[in-house]
Amino acid sequence: MFSKNYGPSTGYGGNRTYSCYSSGDVDSALGFEDFLYTDDTSGTDEDLDLFVLFGNLRGNVVGLRYYTGVVNNNEMVALQREPNNPYDKNAVKVNNVNGDQVGHIKKELAAPLAYIIDNKLARVEGIVPYGAKNAFTMPIQMSFWGKEENKQAVLDRLKMHGFKMAPPLKGSELGFGSNLLSGRAGPSYSAPGHTAVQMTTEQLKSEFDKLFEDLKEDDKTREIQGPEVIGTQLLPHQKQALAWMILRENNKELPPFWEERNNFFYNTLTNFAEKERPENVLGGILADDMGLGKTLTTIALILANFHNGKPLPVEKIRCDQFYKVFGATSVKNEGDLPVKDHNCNLESSTSSGKSETVQAQLSSFYPERTKAKKPKYSERSDSEESEEWLPQETRIETKKDLPTTRKRSKASCNFQEDTGFASALAAPSPALKKKAKQKGTSSIQLAKRDDSEEGPRTTLIICPLSVLSNWIDQLEQHISPDVHLNLYVYYGPDRSKDPELLSRQDIVLTTYNILASDYGSRGDSPLHKLKWLRVVLDEGHTIRNPNALQTKAALNLEAQRRWILTGTPIQNSLKDLWSLLSFLKLKPFADREWWHRTIQRPVTMGDQAGLRYFSEGTVLAHYADVLGVLLRLRQLCCHPHLCTNTSSFSGTGVNNTPEELREKLVNKMKLVLSSGSDEECAVCLDSLTFPVITHCAHVFCKPCICEVIQSEQPNAKCPLCRNELRLEHLVECPLEESDFESVKKSDQEWIPSSKINALMHALIQLRKENPAVKCLIVSQFTTFLSLIETPLRESGFVFTRLDGSMPQKKRVEAIQCFQSSQAGSPTIMLLSLKAGGVGLNLTAASRVFLMDPAWNPAAEDQCFDRCHRLGQKQAVVITKFVVKNSVEENMLSIQNKKRKLAAGAFATKKPTASEVKQTKINEIKTLIDL
DNA sequence: ACCGCCGGGTGCC
DNA sequence: ACCGCCGGGTGCC
């Protein structure tokens, strides 16, 4: 979700999206020392989604004068047990959003609270309704959340100590205090129970949308040239992304959900305020569906924006024979190389012999590439990444030129020694060598590195092992050969644990597994000892799971600027967003409790509430039925005969068991799908590819639903109905029934339909004007295409046909036939909407007749693109047949909505399950004119 | 006076 | 805390 999508001007059928997320604010509260064994209390995996509100209770916070933490009226506070308090083992601390202690819960109340909290009977949340200026005590409104089955125990325990909880106010207690609507921490007028402001998904989304740079495809003013040291010309969208990234890194605006009011800085979610300006996040989320250039754009960013938009000061080296280092720079070894220090920042990870050094570094460099090329290794998933190293011979064998490379490396070491410059060694790519030769000067000139800027200079890049070599390759490819960039590949058993060494690099490259294993191995992780200029998480969705070690390891990195690069930003839900926003240090979301209170619960609760008048039960449970009926309506718009073979739909068996019912639904879905109807997948919102039907009778693309199952295991739920989802229950189903060459000899006599009449009228008219003009006739229903064949023959048209059920050979024939300009070649092609890939070239056609509308405008666009593409010399005219006052008109209005969504800023690329659900419901409502 | 009352000292857990 | 509580000073009216 929350991704922005600006495709090419054709709009929806885009082949490239580049999405940008950003967010603000740095929370540097976490000290260095804390990072290792911080017991993340929120890490325990309670199913917070199942929690219900038990009720509210007013209490008192005491001891205010002993603590520095302050609160506003109406501000959220956190309750924290303090079992080791020497005065009372039941002590319960009260902290403000910043984590500063405000006071304690009065001991009489602390006693039952301690029991409730310690036994996890409920999660207790607080809001200070008023008394912000009190000197000694202040009231606190507490709410108790937990699993239904624990409610009584909580009530009993409170009662035992003489407290009685007020029952929740009906419907108004959803994530109280999250004032996205009122949006501010004003004076409190709150009655007991507190004003609850419900946040809908829409409101939330619009708040988050503010974070996203609104890059417009045609806005060339936003472009920025890549730094000159980038040897590759950036594409327009990369220039835009680069400009946006630089803007984000130098941005001075308040982070989202923060406002300045009366010289204070207010957080509108929690009502927390502070005098100090919250630090902004310098960075964001860069999402790119296609993997087209995140890496290059990021490399450009590293070189272009070191400080205040000024480029990274790098050395320029010019010589006739040099070797550039990637992955391995080597150093002046303590004392044993006569190195001129001002310009030689080459580092060595060992102080032993130089050639050994090089070799060790190379070994942390080459196996990756060979692995990537050898299926045996590339198939290994990251989780299987191991510290074990292949025997060296194996490695060498897999890369033909490695032995030479090694030799060269050694030679370059000698070269270093000879000249006194440890400026270059290791393996140049052939391309690089070529470039170097072209430069062809024999002198070595080193531009002085400007180290006058304070603070860190190093960018840490973390990526999955499988793309490590890609980074190295791209750095090698895109950076001008005369630029010396210090890169250290922090990988392999010999990786240096010296933070000093790392801090002298321009780029340190490592993998999530190394990051995690270093983090887990008691404090010798140099990655976590340093403060980085910039940390980049490539394929950043790998930190989606908040409990994963690599997520914790990533969250505990110190950096001034933070970036998440991802191809699949948010899979299923808001939950996935937490780690990402937390990594960006978007206050107050670093703490999962605050995230849950301010965003997740209000949104999910709000959604439930949103379904009260048009319930899930009435639509989604009968989703397949509704689709079946709609399909028949759509077919009727085309031709009455299309409905004849769907008679099994109407079987209204009464005494069905749930299992029979389910089977019926699945069968219906099968029929709907095999009719050729263009249905869409609720995960990707695109036309179905490899459709599969779930046990609960919902349809998704196989890859989409498999990913859901994968990422949510072991308890994956259907994105549409939250029913249990199991791989083995998925029913595959062919896209189109193969009615090819098994043309159904319908018993009925052929009859025309309005659409057929209109089509024939147009075709005959066209032929009169220009007998050579070629037309595509497109429908989702292959049976409809078959019905059209009859009048075509009668009127003497030569036509060919292409649908999904045809074997590849026949397809090629059909296309060649149609594309031919010879006299007597077919002038008409009957085309099934989804037949053929994007690459299908039908430029011979200059007219397209679309017989029936599809759900997804992109599917239609794609179809038009098949003739309206490079090589097309004529104007293309598209005619759509739509039956007035029918379901088809409503489908058009849905298409328009989708087009707007896709064209506008931040179309919801990956919506949450609930959004999908709501969209579906709305669509169905539109279709049946509700 | 093994009380009441007064008023100062004092104050989370 | 413009409270409560504690404990010392004090003691008819």
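Lettering follows sequence order; numbering is per chain, from 1.
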Applying salt bridge (Lys or Arg N to Asp or Glu O under 4.0 Å), which residue pairs with at least one partner in residues 81-92 of chain A are found, sequence neighbours left out? Arg81(A)-Asp118(A)
Using the C1' atom on both, measure dC13(C) against dC2(B) and round to a whole Å. 25 Å
Interface polar pairs with nucleotides 10-13 of chain B, N/O, under 3.5 angstrom:
from    : atom 1 : to        : atom 2 : distance (Å)
dC12(B) : OP2    : Tyr66(A)  : OH     : 2.2
dC12(B) : O2     : His104(A) : ND1    : 2.7
dC12(B) : N3     : Tyr67(A)  : OH     : 2.8
dC13(B) : OP1    : Lys107(A) : N      : 3.1
dC13(B) : OP2    : Lys107(A) : NZ     : 3.4
dC13(B) : O3'    : Asp88(A)  : OD2    : 2.6
dC13(B) : O2     : Asn85(A)  : ND2    : 2.9

Could you check which nucleotide pairs with dC2(C) in any of the strands shown, counting Watson-Crick or G-U wobble with both distances under 3.5 Å? none
Apply ring-ring contact (aromatic ring centres under 6.0 Å, His included) to His596(A) and list each qualifying residue two or more places apart in sequence or on a separate chain. none
Could I get the full list of side-chain hydrogen bond (donor to acceptor under 3.5 Å, both in side chains) partners for Lys497(A), not counting sequence neighbours? Asp518(A)
Quick one: ring-ring contact (aromatic ring centres under 6.0 Å, His included) partners of Tyr67(A), sequence neighbours excluded? His104(A)
Say we look at dC5(C) and dA1(C): how far apart would their C1' atoms be, to the nearest angstrom? 11 Å
Only pairs at least two apart or in different chains count here, so list each salt bridge (Lys or Arg N to Asp or Glu O under 4.0 Å) that has a residue in residues 262-276 of chain A. Glu274(A)-Lys587(A)
